[in-house]
There are 2 protein chains.
Amino acid sequence: MATIKEIAQKAGVSVGTVSNYLNSPEKVAKKSSEAIQRVIEESSYHPRAAARSLKSDQTRTIGLVPVVSREDPQSVEPSDNAFLEFLAAVNSTATEKGYDVLLHSATPKVDEIPIYEKLVVGKNVDGILVLNTRPDDPRINFLLKMKFPFVSFGRSENKEHRAFIDVDGEYALIETVDYLTSLGHQLIAYICPKKGSMFSKVRWEGFSKAMVSHNLEIYDDYIIECDFSETSGQVAMHLLLDLPNPPTAVITASDICAFGAMHAISTRGLTPGKDISVVGFDNIRMASHWQPSLTTIAQPFRKLGSQATEMLIKIIEGDQTETQILFTPELVIRQSTGPAK
Amino acid sequence: MATIKEIAQKAGVSVGTVSNYLNSPEKVAKKSSEAIQRVIEESSYHPRAAARSLKSDQTRTIGLVPVVSREDPQSVEPSDNAFLEFLAAVNSTATEKGYDVLLHSATPKVDEIPIYEKLVVGKNVDGILVLNTRPDDPRINFLLKMKFPFVSFGRSENKEHRAFIDVDGEYALIETVDYLTSLGHQLIAYICPKKGSMFSKVRWEGFSKAMVSHNLEIYDDYIIECDFSETSGQVAMHLLLDLPNPPTAVITASDICAFGAMHAISTRGLTPGKDISVVGFDNIRMASHWQPSLTTIAQPFRKLGSQATEMLIKIIEGDQTETQILFTPELVIRQSTGPAK
DNA sequence: AATAGCAATTGAAACGTTTCAATTAATTAC
DNA sequence: GTAATTAATTGAAACGTTTCAATTGCTATT
């Protein structure tokens, strides 16, 4: 394969000039530029990434470490469809700005810190995107300690942690409860995301505040944790329907979960939206195609992904102007919710 | 940050020995090993990836170039859910074997070859996974020409192209048509994937062969192309239902597409599985949760992803024993299909 | 015609590894 | 006790860039 040295020889200039042509073309004379350009094209030269990165200390790559569960290999955090949309946006935004995306996977059990250590200390990437934050997040603490460029999707409780992008989950739950009570619902259940992650904590705060402000009681039986699978939503819903006094409305952790819940409702001969109202979270594409179509809180994953990436690249490149974005999500009302019976 | 030189000094050995410790520990004496190990740990040393790769000519990274459409940014090839499962498997298998995954995105309009050229010539990756092949695929021709390690998901018509993994789409369609005719269907429509990709060609062969072997006619009106969105399935189904003599069974390009088709059917006051049979393709998780649950051809995306990755890594590492895998997909029968009326 | 000033170019050092021929130390065989 | 063999270690070259002080070649100014 061609090296910069060979290009230089063939073009009749020095390596320094070729390097300049590649990195700051305005510095090289038109005549040389043309000669170099020609040679580069005919030998289909591409600078060697490793050499570049070794010398210049940058990789033009951003890192992402999705947690893929090996036991339930279908699940990828945060929740499959949503993650893919986010990733697609990250990927295309990064490419647009001249960066690549490096994926390294973690499993739920393994300690993630060594992975981040390798990425940071081994200088594999210029910056990292952290997903699914926890209130006290070791990854964020580590990255902060190393002063390494990163942006997280989700907040944390670390005071130093400033660069994030997030959706206001508290607001989302308040809106939803407000909406359901306006339809006359009093018995509101919450099939909630597993405790531990920051977003589940934030949403819980919204839910409990809203319930209190409407003088509604939060029954233990009405709170069921679930993961992001249809099955877990289905199971949770069956538990709720087995209660002596089942809820008239259910807020769920995700659209997928809501689909499972609706499945359970239909199985019992009831109609979602008529007998029991169901609210999802995410507004994945399928939400509008399900029957009945799903009332849900929209998270703009595309926008989140591309803005997070843009923010990260800004930070990598030393521009720290805007360091946080909090989206206000929108409640999309469809047919899976209706007046309380 | 620590370098191998500093580690060597602190441990009282030469750089060569540290390098040996890192790469072939059996070559270094126990005493030295221990000293080095200690120093490495306390200075949290990680070898610099760029330096390593510059010298040793390998990156321990495999490349993947998904096509993300900017106009319809929700679509990622081959079809979102499926792609994510595939990617998750690739990612975790690669990580398991000590490789990372590098993502670079392409858009449908842009010429992909320069991207592959950069990856190959710039030695950004050790091998490439090619998705959604075409019969005459410039990417495959290029990689073959460069003698660069790659594995494709999908075959091509290039004679030299040996390393692939695929699902037997011809068999799948034959099975499906056989099944539908056994239920008494004669009027079978095919909402088929867009022409151009290899898999759509292969499936078409299966479909047409099967129709011929059952002495069934293929009506032009019954063949409608669609992409992987719900909407396109929905639109296609409406067109079929508007026909003077609508089909009694419909085979679709993907589960997502089938959901759209079922949506259209229900909207018309008909019942999928009773009035019209619908068959999907992929068997994504949602297929069993949809109502009615979807009869579909299962593609084992997880397995495909991890086997493709294993195959690629074998090739990268010089072991070429097994170079192709063709999965026989399974028709999963559920409620969206039934006897012809 | 000499000089100052600027634009363009040069060439060597440096980045942090791996590799390998050469060297040293330790062990075995007689 | 010496020679032969093996095991462990060393140190320098090389990988392909970028960077920057030094140099060269022009142009404009006097």
Side-chain angles (χ1 to χ4, degrees), chain A residues 1-37 39-40 43-61 98 117-126 317, chain B residues 1-37 39-40 43-61 98 117-126 317:
Chain A
M1 303 271 158
T3 69
I4 207 174
K5 212 163 141 192
E6 287 166 41
I7 301 297
Q9 262 165 235
K10 286 191 194 162
V13 297
S14 73
V15 291
T17 303
V18 178
S19 178
N20 279 338
Y21 169 79
L22 257 18
N23 301 301
S24 10
E26 74 281 1
K27 282 191 194 157
V28 359
K30 216 201 297 175
K31 213 180 60 170
S32 311
S33 285
E34 282 163 2
I36 297 171
Q37 162 119 42
V39 179
I40 283 186
S43 25
S44 77
Y45 166 78
H46 282 257
R48 188 79 182 280
R52 222 169 212 201
S53 141
L54 174 61
K55 186 74 238 262
S56 66
D57 246 0
Q58 45 165 352
T59 59
R60 298 200 71 87
T61 299
E117 211 171 273
K118 184 204 140 207
L119 253 33
V120 170
V121 182
K123 300 199 184 161
N124 289 18
V125 298
D126 293 343
E317 297 181 348
Chain B
M1 302 271 158
T3 68
I4 208 176
K5 210 162 144 192
E6 287 167 42
I7 302 297
Q9 261 165 236
K10 286 191 195 161
V13 296
S14 73
V15 291
T17 304
V18 178
S19 178
N20 279 337
Y21 169 80
L22 257 19
N23 300 303
S24 10
E26 75 282 0
K27 282 191 193 157
V28 1
K30 216 207 288 184
K31 213 179 60 169
S32 311
S33 285
E34 283 161 2
I36 296 171
Q37 161 119 44
V39 178
I40 282 185
S43 20
S44 78
Y45 167 78
H46 283 258
R48 187 81 180 280
R52 218 168 216 204
S53 136
L54 174 60
K55 187 72 235 247
S56 65
D57 245 359
Q58 47 165 347
T59 59
R60 299 200 71 85
T61 299
E117 210 172 272
K118 182 202 142 207
L119 253 33
V120 170
V121 183
K123 300 200 184 160
N124 288 21
V125 298
D126 294 343
E317 296 179 349

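Throughout, protein chains are lettered first and strands after them, A, B, ... in sequence-line order, and every chain is numbered starting at 1. The analysis underlying the following values was restricted to heavy atoms, covering all of them including side chains, and did not include hydrogens, waters or symmetry mates. What you see is a predicted model, and the numbers here were worked out from it, not measured in a lab.
Taking atom CD1 of residue A/Ile36 and atom P of nucleotide C/dA8, one finds them 13 Å apart after rounding to whole Å. Spacing between atom CZ of A/Arg60 and atom P of D/dT17 amounts to 17 Å, rounded to whole angstrom units. One can place CG of B/Leu54 at 7 Å from P of D/dG16, the figure rounded to the nearest angstrom. Rounded to a whole Å, the CD1 atom of B/Ile7 is 12 Å from the C1' atom of C/dG16. A straight line from NE2 of B/His46 to P of C/dG16 spans 16 Å, rounded to a whole angstrom. Here the P atom of nucleotide D/dT19 and the CD atom of A/Gln58 are 8 Å apart, to the nearest Å. Atoms CD1 (A/Ile4) and P (D/dC15) sit 15 Å apart, rounded to a whole Å. Look at NZ on A/Lys123: it is 10 Å from C1' on C/dG16, rounded to the nearest Å.
A sub-4.0 Å separation between OP1 or OP2 of D/dT17 and a side-chain N or O of A/Tyr45 is present. OP1 or OP2 of C/dT10 sits under 4.0 Å from a side-chain N or O of A/Ser14. Here B/Thr17 reaches the OP1 or OP2 of D/dT10: one of its side-chain N or O atoms lies under 4.0 Å away. OP1 or OP2 of D/dT18 lies within a sub-4.0 Å distance of a side-chain N or O belonging to A/Arg52.
The side chain of A/Pro47 approaches D/dT17 more closely than any other nucleotide in the set D/dT17, C/dT9, D/dT10. Nearest nucleotide to the side chain of B/Lys55, out of D/dT9, D/dG16, C/dT19: C/dT19. The nucleotide whose nearest atom lies closest to any side-chain atom of A/Asn20 is, among D/dT17, C/dT9, D/dG11, C/dT9. Comparing C/dT19, D/dT17, C/dT10 by their closest approach to the side chain of B/Ser19 singles out C/dT19.
Between B/Val13 and B/Val28, the closest side-chain pair of non-hydrogen atoms is not below 4.5 Å. Two residues are said to be in side-chain contact when any heavy atoms from C-beta on lie closer than 4.5 Å; A/Thr61 and B/Asn124 fail this criterion.
The nearest pair of heavy atoms linking A/His46 to B/Gly122 is CB-N, 3.9 Å. The two residues A/Asn23 and A/Arg52 make their nearest non-hydrogen contact at OD1-NH2, 3.3 Å.
Of the two residues contacting DNA chain D, namely B/Ser56 and B/Lys27, the nearest-nucleotide position lying further toward the 5' end is that of B/Lys27. Comparing A/Lys5 and B/Gly16 by the nucleotide of DNA chain D whose heavy atom lies nearest to each, the residue mapping closer to the 5' end is B/Gly16.
Within 4.0 Å (heavy atoms only), A/Asn23 reaches sugar-phosphate atoms of the nucleic acid but no base atom. Using a 4.0 Å heavy-atom criterion, one finds that A/Ser32 contacts the sugar-phosphate atoms exclusively.
Under a 3.5 Å cut-off, the side chain of B/Ser43 and the backbone N or O of B/Tyr45 do not form any donor-acceptor pair.
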